[in-house]
Amino acid sequence: MNMPQGPANCPPGLQYLSLIDQLLVHQKVELLEVFTGFETNNKFTIKNSIGQKVYHAVEDNDCLTRNCCGPMRPFEMKILDNYGNQVN
């Protein structure tokens, strides 16, 4: 997928969002979590409406926070474009 040209004041990595009206977010199932109950960083694939991968997202928490705080933990994500550059 080519790097789209968006509005001049658009932050790097977000130009593509100015061209679309829908994103689909799919969480990847981690087998370690399924079988052991041990929480790992959640990972997500973000696609456009025709199924093309647009971004990749990863939860950014440490092991202690994930496993001790459960759903009450803070939620931060790193979002990367298809080139591996972090989107701000």
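Bear in mind that the values here come from a model prediction, so they are computed numbers and not experimental data.
- Within the model, atoms OG1 of Thr40 and CD of Glu30 stand 4.0 Å from one another, a figure rounded to the nearest 0.5 Å.
- For the pair Lys47/Gln52, no side-chain contact is recorded, criterion being any heavy-atom separation below 4.5 Å from C-beta on.
- Met77 and Val25 fall within a single hydrophobic cluster, where Ile, Leu, Val, Met, Phe, Trp and Tyr are joined by side-chain heavy atoms under 4.5 Å apart, directly or via other members.
- No single ILVMFWY cluster, assembled from side-chain heavy atoms under 4.5 Å apart, contains both Met72 and Phe75.
- Linking ILVMFWY side-chain heavy atoms closer than 4.5 Å, directly or via other members, places Ile46 and Val87 in a single hydrophobic cluster.
- With hydrogens and angles ignored, the 3.5 Å screen pairs a side-chain donor or acceptor of Asn82 with a backbone N or O of Lys53.
- Under a 3.5 Å cut-off, the side chain of Glu59 and the backbone N or O of Asn41 do not form any donor-acceptor pair.
- Taking CD from Glu76 and OG1 from Thr65, the interatomic distance works out to 10.0 Å, rounded to the nearest 0.5 Å.
- Taking hydrophobic clusters as Ile, Leu, Val, Met, Phe, Trp and Tyr residues chained together by side-chain heavy-atom distances below 4.5 Å, Ile79 shares a cluster with Phe44.
- Annotation: side chain of Val34 is in contact with side chain of Val29 (closest heavy-atom distance under 4.5 Å).
- Side chains of Tyr55 and Leu17 form a contact here, defined as non-hydrogen atoms less than 4.5 Å apart.
- To the nearest 0.5 Å, the span separating NE2 on His26 from OG1 on Thr45 amounts to 7.5 Å.
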Quick one, Asn48 with Tyr16, criterion side chain to side chain donor-acceptor pair (under 3.5 Å). Give me CA distance, side-chain angles, the key distance, then yes/no. CA-CA 10 Å; Asn48 62 18; Tyr16 185 69; 2.8 Å; yes
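- Remark: the backbone N or O of Pro74 is paired with a side-chain donor or acceptor of Asn61 at under 3.5 angstrom.
- The distance from atom CG of Asp60 to atom NZ of Lys78, rounded to the nearest 0.5 Å, is 4.5 Å.
- Note on Val54: it does not cluster hydrophobically with Leu80, by side-chain heavy-atom contacts below 4.5 Å among ILVMFWY residues.
- Summarising the geometry, atom SG belonging to Cys69 is positioned 7.0 Å from atom CG belonging to Leu64; distances are rounded to the nearest 0.5 Å.
- The number of heavy-atom neighbours closer than 6.0 Å to CD of Gln22, taken from other residues, nucleotides and ligands shown, is above 12.
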